[in-house]
2 protein chains.
Amino acid sequence: MTQPFAPVPLSKAFRLINHGPAVLVSARHQGVSNVMAAAWACALDYAPPKLTVVLDKAARTRELIEKSGYFVIQIPTAAQIELTYEVGHRSLNDDPDKLAHCGVTLFDMAGHDLPFVRGCSAWMACRLVPEPHNQQTYDLFIGEVVGAWADTRVFRDGHWHFETADPSLRSLHYVAGGHFYAIGEALDVAEGKAG
Amino acid sequence: MTQPFAPVPLSKAFRLINHGPAVLVSARHQGVSNVMAAAWACALDYAPPKLTVVLDKAARTRELIEKSGYFVIQIPTAAQIELTYEVGHRSLNDDPDKLAHCGVTLFDMAGHDLPFVRGCSAWMACRLVPEPHNQQTYDLFIGEVVGAWADTRVFRDGHWHFETADPSLRSLHYVAGGHFYAIGEALDVAEGKAG
């Protein structure tokens, strides 16, 4: 599969998760790569862009992040609903072929030794900002975004274009079990009020 | 305006913000109440339910939270898009009648000395979990949810029902400026895959 994508300026990176999508978290350490799903990821700062993500102690991806100090937060699409569900419900500890069984194809981004998931709508390479108390007490991890990219069919010029892109590119918003909502219609504050 | 609402079991409270909506944050101290908008709020734990919210140092609501130790996180609806934008762009410091000018009507919930915003789809009363380092360094606040309620037209039996409720009750997902997306259609993992 080929997919058109372009870098996103770091000053606009927060917009990739501002609307609260479910994300995929991936990491690599000593040749071992893993991908998990997370509903609890959130922007934290604009400049430099930072974000938070909650990672359960049982997650193998968490261990890879703690060891490597880096991770990727990427936005899965409606077309990837099964993949998103599967990576969130299978463990690399039980299934060494987890990624293949979940339909995940990884690709590389020049300059980053990190596993990126093909088919997502956006990707953020993050450096772990170590905060041992948060990590241990709350499973809360902070990342500084050091690189960002997006599929230009749905994010360009610093904005999402869900309303004009193919519905298969919409972001997923997690509820519980196998249930999600897709992002919906664009709503704008009435002219004259916003200003 | 009357609005049908019911308590939400604390075990289901995380679902109120699991899908990443924009929220309104409100607080009261010594008779002063304020309401602000926040895009950066996120679930943190299930039991007891906790959440994070990012509050800028310039926000008057932050000061009320630091002094009172309590706040409300509530989910505004598509019908409240102007109200949400306005409370996020006016300051109580500049306009003592901010809430009236933004169209906010507050109501009380028995047992909680907190300002709840009428017309929202859900409300969570939160106790501040003090973490001075996070608050000072990252503007990151942690709350433990001590009470939760929802409008039964759109959240009942522990689930959102956006797909069958009136579209005016849909949650708002913030982009930038006066731009939001409403939550969209329900998507489910294919039968047989989920389980």
Side-chain angles (χ1 to χ4, degrees), chain A residues 12 14-15 17-23 39-45 50-54 78 81-86 89 129 131 133-134 137-140 142 158-160 162-163 167 170-191 193-195, chain B residues 12 14-15 17-23 39-45 50-54 78 81-86 89 129 131 133-134 137-140 142 158-160 162-163 167 170-191 193-195:
Chain A
K12 297 283 189 284
F14 76 94
R15 291 194 186 166
I17 55 166
N18 218 40
H19 65 302
V23 304
W40 298 353
C42 191
L44 178 65
D45 207 351
K50 293 195 195 77
L51 51 76
T52 55
V53 60
V54 178
I81 184 171
E82 260 89 25
L83 182 158
T84 302
Y85 179 83
E86 291 287 334
H89 287 78
V129 178
E131 286 285 358
H133 170 68
N134 285 337
T137 307
Y138 300 111
D139 296 336
L140 181 68
I142 295 176
H159 284 283
W160 287 107
F162 294 119
E163 59 273 42
R170 293 195 176 210
S171 54
L172 294 166
H173 297 255
Y174 192 49
V175 182
H179 308 294
F180 296 81
Y181 286 97
I183 197 66
E185 61 172 329
L187 296 180
D188 293 306
V189 172
E191 198 75 36
K193 289 256 187 177
Chain B
K12 297 284 189 282
F14 75 95
R15 290 194 186 166
I17 56 166
N18 218 39
H19 65 302
V23 304
W40 298 353
C42 191
L44 177 66
D45 206 350
K50 292 195 195 79
L51 51 77
T52 55
V53 61
V54 179
I81 184 171
E82 259 90 25
L83 182 158
T84 301
Y85 179 83
E86 292 286 334
H89 287 78
V129 178
E131 286 285 358
H133 170 68
N134 285 337
T137 308
Y138 301 111
D139 296 335
L140 180 69
I142 295 176
H159 285 282
W160 287 108
F162 294 119
E163 59 274 41
R170 293 197 175 210
S171 54
L172 294 166
H173 298 255
Y174 192 49
V175 182
H179 307 295
F180 295 81
Y181 285 98
I183 197 65
E185 61 173 326
L187 295 179
D188 292 306
V189 172
E191 199 73 36
K193 289 253 187 182

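In what follows, every chain begins at residue 1, and chains take the letters A, B, ... in the order their sequences are listed.
- With rounding to the nearest 0.5 angstrom, the CD1 atom of A:Ile183 is 11.5 Å from the CZ atom of B:Phe180.
- At a 4.5 Å heavy-atom cutoff, the contact between B:His159 and chain A is made by side-chain atoms alone.
- The two atoms that bring A:Leu187 and B:Ala182 nearest to each other are CD1-CB, 3.7 Å, heavy atoms only.
- For B:Glu82 against A:Ala190, the heavy-atom pair with the smallest separation is OE2-N, 2.7 Å.
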>> Run the side-chain contact (heavy atoms from CB on, under 4.5 Å) test on A:His133 and B:His133 for me, step by step, so that the C-alpha distance in whole Å, both residues' side-chain angles and the decisive distance to 0.1 Å come before the verdict.
In response: CA-CA 10 Å; A:His133 170 68; B:His133 170 68; over 6 Å; no
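- Residue B:Cys42 comes nearest to A:Ala41 through the heavy atom pair SG-N, 3.7 Å, listed as atom of the first residue, atom of the second, then distance.
- Of the two parts of B:Asp139, neither the backbone nor the side chain holds a non-hydrogen atom closer than 4.5 Å to a non-hydrogen atom of chain A.
- Heavy atoms of B:Leu172 lying under 4.5 Å from chain A belong exclusively to its side chain.
- The nearest pair of heavy atoms linking B:Trp160 to A:Tyr181 is O-OH, 3.2 Å.
- Results of the side chain to side chain contact (heavy atoms under 4.5 Å, CB included) test with B:Tyr138 over A:Thr52, A:Asp45, A:Ile142 single out A:Ile142 as the only residue that passes.
- Among the candidates B:Ile81, B:Leu44, B:Val54, the residue making the largest number of heavy-atom pairs closer than 4.5 Å to chain A is B:Leu44.
- Using a 4.5 Å cut-off between heavy atoms, A:Phe162 touches chain B through backbone and side chain atoms alike.
- A:His173 is listed as a side-chain neighbour of B:His173, based on a closest heavy-atom distance under 4.5 Å.
- Among the candidates B:Glu131, B:Lys50, B:His89, the residue making the largest number of heavy-atom pairs closer than 4.5 Å to chain A is B:Glu131.
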